[in-house]
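Quick note on labels: first sequence line is chain A, next is B, and so on, each numbered from 1. Any value given below was found using the heavy atoms of this structure, including those in side chains, with hydrogens, waters and symmetry copies removed. Remember, it's a predicted structure, so these values are computed and weren't measured experimentally.
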Amino acid sequence: MTGIDPETRIPDPIELDRAEEERLRAVAGLTPVRASGGEYAGFEQVGIPDRPPQTEREREVYTLDEGEMLVNMGPQHPSTHGVMRLVVKVRGEIIVDIDPVLGYLHRGIEKLCENATYTTVLTYVDPMDYLSTMHNEHAPAIAFEKLYGVKAPPRAEYIRALVVELNRIFSHGLMMGFLALDMGGITPILYAFINRDEIVDMLSAISGQRMLFNFFRVGGVNFDTNDEFLSRLGTWRGNVMKNIEMNERMITENEIFRARTIDMGTLTGQQAISLGVTGPNLRACGVPFDVRKAKPYSIYHELEFDVITQQGGDSYARYLQRIAEIKQSIHLIDQIIDKMPHGSVQAQVPGIIRPRPGRAYGAVESPRGLYSVYSISDGGPNPYRFRMRDPSFISLQALPKLMPGRLVADTMAVMASLDPVMGGVDK
Amino acid sequence: MADLRRSRTAAHPLGRRRPLTTPVAAGALVRALAERLGSDLRDLWTDEDTVEYQVDGARAHDVLRTLRDDDDLAFFMLADAAAVDYGPGERFEVVYHLFSWKHPGWLRIRAQVDRADPRIATITDLWEGAMFHEREMYDMMGIVFEGNRDLRRIYMSPDYRSFPQRRDFVLPDDAADSSAAGVRPLERPETWDLTRFNQAPGVTFSPSAQRDDAPGEAVTGGETLSSKSRPR
Amino acid sequence: MAVDRPTTGNATDPMPTGGHGPIVIPDQAGDSDLLREFGMDEHPQGGFHGLLEVIPTKADYILDLIRANSLWPLLSGLSCCAIEMMSTATSVNDIDRFGMFPFRASPRQADVLIVAGTLTTKMAGPLVRLWEQMPEPKWCVAMGTCTTSGGRFKRSYSVVQGVDRVMPVDVYVPGCPPRPEGLIYGMMKLHELVKERRGQWRTYVDRGPQRTRWEGDVR
Ligand code: SF4
């Protein structure tokens, strides 16, 4: 128990005279305070930065017309799905503009990955998009296997597909719960977490961890299936349809839910493509882009499934899309279990791998869209450059386009339907 | 037509590697690209699902516009845009990954950018979604995208003055040992070259960002942060 | 049998405070002599319902019991650990059993801050502000290795290496993320602290004004 480290304790600068303040900051190795005293004004003027605007867009957002005001949502807000700040410009209750401020969860994962060995990278990427951990590991595993020139054995590929589909189911299930929660319904999230806990307990039986599974390896997976995993899978499969449908009945036909989602936050296909929106959000606009079909990886070319799309592109279509994808994933899991071959689950790969110099791109379809990794090797034990494209980071750009003209209370409903995860947004 | 395969003739010393899948059937794409953009695209390289070209930074915008708008190419989706730093004295690269229904495989365009004066034209007029990509590259690498309307830092706070993804930004072995002690971002003086970007159109910095009197790191007993850091 | 009502300070005072000795609740002590001493079976209205009707004790003790059994956490998740925190709050693990369900969205109504997730330099200012907006008495639980020590982001350029660099912490729950059972165990430990009045915020207050503004504060 250390409490406050005396070295880092600095008395409040406002109460000190300037010289004393500078001396204390120098002792602690901090940069000097700026010449103008008001620069650290923080929240005192809500949302308005206390400096000249840096860009055209910033000037546009932070210049107020008659009758307009700025409202800060976040960084601690119950429904921002993490730590994010939305500077909302409102006229009365009507939204005029939105400026998302990111970076409250920026952990420098890319830089850490560039300083880690290839095997360790698969650990570092886990907390990125923390609702789809298996997909986070899948994309680097694909890229590194291309770089190193090794292929995972067939059984490992089937186990990978099995666990990523399980992950997709609980991620979409939680999205349904959060969407209802942001509109004030608390019951669906309780059902969603029951389903999620069943699945993560199952996955922890196979991987040993409940949330950040760290299950993938370069050239395979960590463990083969075991009895506990399979028995839990059987139990879960027996009643999953019932649970999903129960949750669905509660939400889908609900009058309030429909009133707050139908025709709300409508994206057209063209707009979505231009904004870089992918995944269920794009398919809900009618564009049949699914990496599993468009550029099949792993074993998806051996499975039978169609790309599901919705027409409409509003929040309700995005919600229906998630339900359809949950059912599709259950169908895929049945096929995977039918076809699963015997054999080893790990190719022979040394502990520290040194791929030849080269570049590789690995892309997977995560519950939030196109999740891809671009990795460069210089022949050393660490990636020279490791870049991750996170779908929710890009999809978030749609929010300022969707909201103008709507009510403040609808911001969270639309944002929940886009389903961003801040760990992925901020890396 | 040149052999599109990456040369993999030499056996791996461990002898454990398996052959890769065959390269993509990229012939049609390569021919179409040679016909339309022959003078701009250099250094064709492929692996099993990617076709890669290098272009000049100054030509990148036009090349990408052609790739998007041409009916035979139709690379309608920007899958990824990333920046790569090849170290001091070398160059930056902005790497675009594109997707099209008409061709198998991803298309990768590597645009070369001068490291001493990193500027490249924005592509937010082609894809609105490139905005966050470009803001991230600006924040992490310090590449200026000319014509971008909103080139602010996106992750670090506005008064942060380093570019953490650059190669010369070295992580300490243990951040808890550093003078920063975890409550202040690490800054390295050699990466403070923001003043140079003042002339960039649409990019201005508040006067405080130009000050160069901020101390780099606490130097105690002749030991600097860099001497504690492990070069990669 | 007429026994004088004990005054405070008597040896039979059931109120051990100050953090020494076990807490003895009289009607569970199993000592019938002790019960008789309180006039248990001579109550004029015959009001013996299995419990003492009058317990001479200190208001502080009762307040601590009440505090310990209805600790309302602040609804503030920072990253991955927040999902496990939510899992702890929902049906399967049901932290409601310990009086902790209403996750308050406003710091003014919260008693305990569960720092669930990685604290970055940019978030440090807002989080300290939240902590200072909470009314006293208040407690802080650091959940996950990121908040206890920096964890897997030990070398990162933008992560605060342990939340105890910016605010006092009462209970550390290690794990990446801790299992819900781990968090519940941590909260049980916090109950003990609360009953024994051993919170860190007191020392924090004694230390005088703290730094409230940070390099990466929101602007
Ligand atoms: S301790 Fe692990 S699970 Fe918790 S926030 Fe840190 S990385 Fe995420």
Side-chain angles (χ1 to χ4, degrees), chain A residues 5 7-8 26 28-32 34-36 39 49 51-52 54-58 102-103 106 108 110-112 114-115 146 148-151 273-278 289 294-295 347-350 358-361 363 370 372 374 376 380 382 384-385 387 389 393-394 396-397 401 426-427, chain B residues 6 8 12 14 16-18 20 47-50 52 76-80 82 84-85 95 97 99 101 105-106 108 127-133 136 140 148-158 164-165 169 171 179-181 183-184 187 202-206 208 213-215 217-218 232:
Chain A
D5 182 6
E7 292 300 318
T8 57
L30 300 172
T31 48
R34 306 287 185 277
S36 65
E39 234 179 82
R51 55 180 161 71
Q54 288 184 345
T55 61
E56 230 177 294
R57 163 84 181 142
E58 199 177 3
L102 310 178
H106 177 65
E110 284 185 7
K111 188 77 182 176
L112 289 169
E114 285 163 20
N115 287 277
K146 268 189 217 169
Y148 189 59
V150 67
K151 276 188 119 25
I273 287 170
S274 169
L275 284 167
V277 175
T278 46
F289 176 77
K295 299 272 182 277
Q348 270 202 324
V349 171
R359 305 167 282 286
Y361 185 67
L370 168 64
S372 72
Y374 175 53
I376 300 182
N382 338 345
Y384 184 82
R385 176 82 173 97
R387 148 85 189 169
R389 183 238 196 242
F393 174 54
I394 306 301
L396 206 55
Q397 294 177 90
K401 302 274 184 288
D426 286 346
K427 302 213 181 99
Chain B
R6 205 168 142 189
R8 286 199 167 270
H12 188 259
L14 295 173
R16 291 196 207 120
R17 294 194 175 189
R18 300 185 180 198
L20 292 173
D47 66 8
E48 62 249 52
D49 65 353
T50 317
E52 176 194 296
F76 71 100
M77 182 183 276
L78 177 72
D80 192 9
V84 183
D85 181 8
V95 185
H97 285 89
F99 171 83
W101 292 117
W106 305 93
R108 181 187 303 148
W127 288 280
E128 278 178 82
M131 177 62 83
F132 274 15
H133 284 306
E136 189 195 346
M140 294 287 126
N148 188 318
R149 291 186 67 230
D150 195 15
L151 206 59
R152 284 179 278 162
R153 287 197 176 263
I154 190 167
Y155 288 149
M156 310 308 292
S157 52
Q165 283 279 335
F169 184 98
L171 291 183
S179 60
V183 293
R184 176 180 149 266
E187 288 175 355
V203 183
T204 51
F205 288 92
S206 54
S208 64
D213 55 352
E217 49 223 15
R232 228 201 110 251

Between [X] (side chain) and [Y] (backbone), is there a donor-acceptor pair under 3.5 Å?
X	Y	result
A:Tyr384	B:Asp85	yes
A:Glu110	B:Gln165	no
A:Ser274	B:Trp127	no

Atom group of [X] that falls short of 4.5 Å from chain B, counting heavy atoms:
X	answer
A:Phe393	both
A:Ser372	side chain
A:Leu370	side chain
A:Lys295	side chain

Exercise for review: Tell me, out of B:Met140, B:His133, B:Arg108, who's got the most heavy-atom pairs with chain A below 4.5 Å.
Suggested key: B:Arg108

Review point. Between A:Lys401, A:Lys111, A:Lys427, which residue shows the highest count of heavy-atom pairs closer than 4.5 Å to chain B?
Key: A:Lys111

Practice item. Drop me the distance from B:Leu78's CG to A:Leu275's CG, to the nearest 0.5 angstrom. Key: 11.5 Å

Review point. Rounded to the nearest 0.5 Å, how far does CZ of B:Phe132 lie from CD1 of A:Ile394?
Key: 8.0 Å

Exercise for review: Answer yes when B:Asp49 and A:Lys146 have at least one side-chain N-carboxylate O distance shorter than 4.0 Å, and no when they do not.
Suggested key: yes

Point to revise | Side-chain heavy-atom pair B:Met77, A:Thr278 within 4.5 angstrom cut-off | key: yes

Check your understanding: Looking at side-chain heavy atoms only, is the closest gap between A:Arg387 and B:Glu136 below 4.5 Å?
Key -> yes

Check your understanding: What class does the angle between the rings of A:Phe289 and B:Phe99 fall in, given that below 30° is parallel, 30 to 60° is tilted and above 60° is perpendicular?
Key -> perpendicular

Exercise for review: Could you please spell out the steps behind the side-chain contact (heavy atoms from CB on, under 4.5 Å) verdict for A:His106 and B:Ile154?
Suggested key: CA-CA 10 Å; A:His106 177 65; B:Ile154 190 167; over 6 Å; no

Review point. Would A:Gln397 and B:Glu128 count as a side-chain contact (heavy atoms from CB on, under 4.5 Å) if you check the C-alpha gap in whole Å, the side-chain angles of each, and the deciding distance to 0.1 Å?
Key: CA-CA 9 Å; A:Gln397 294 177 90; B:Glu128 278 178 82; over 6 Å; no

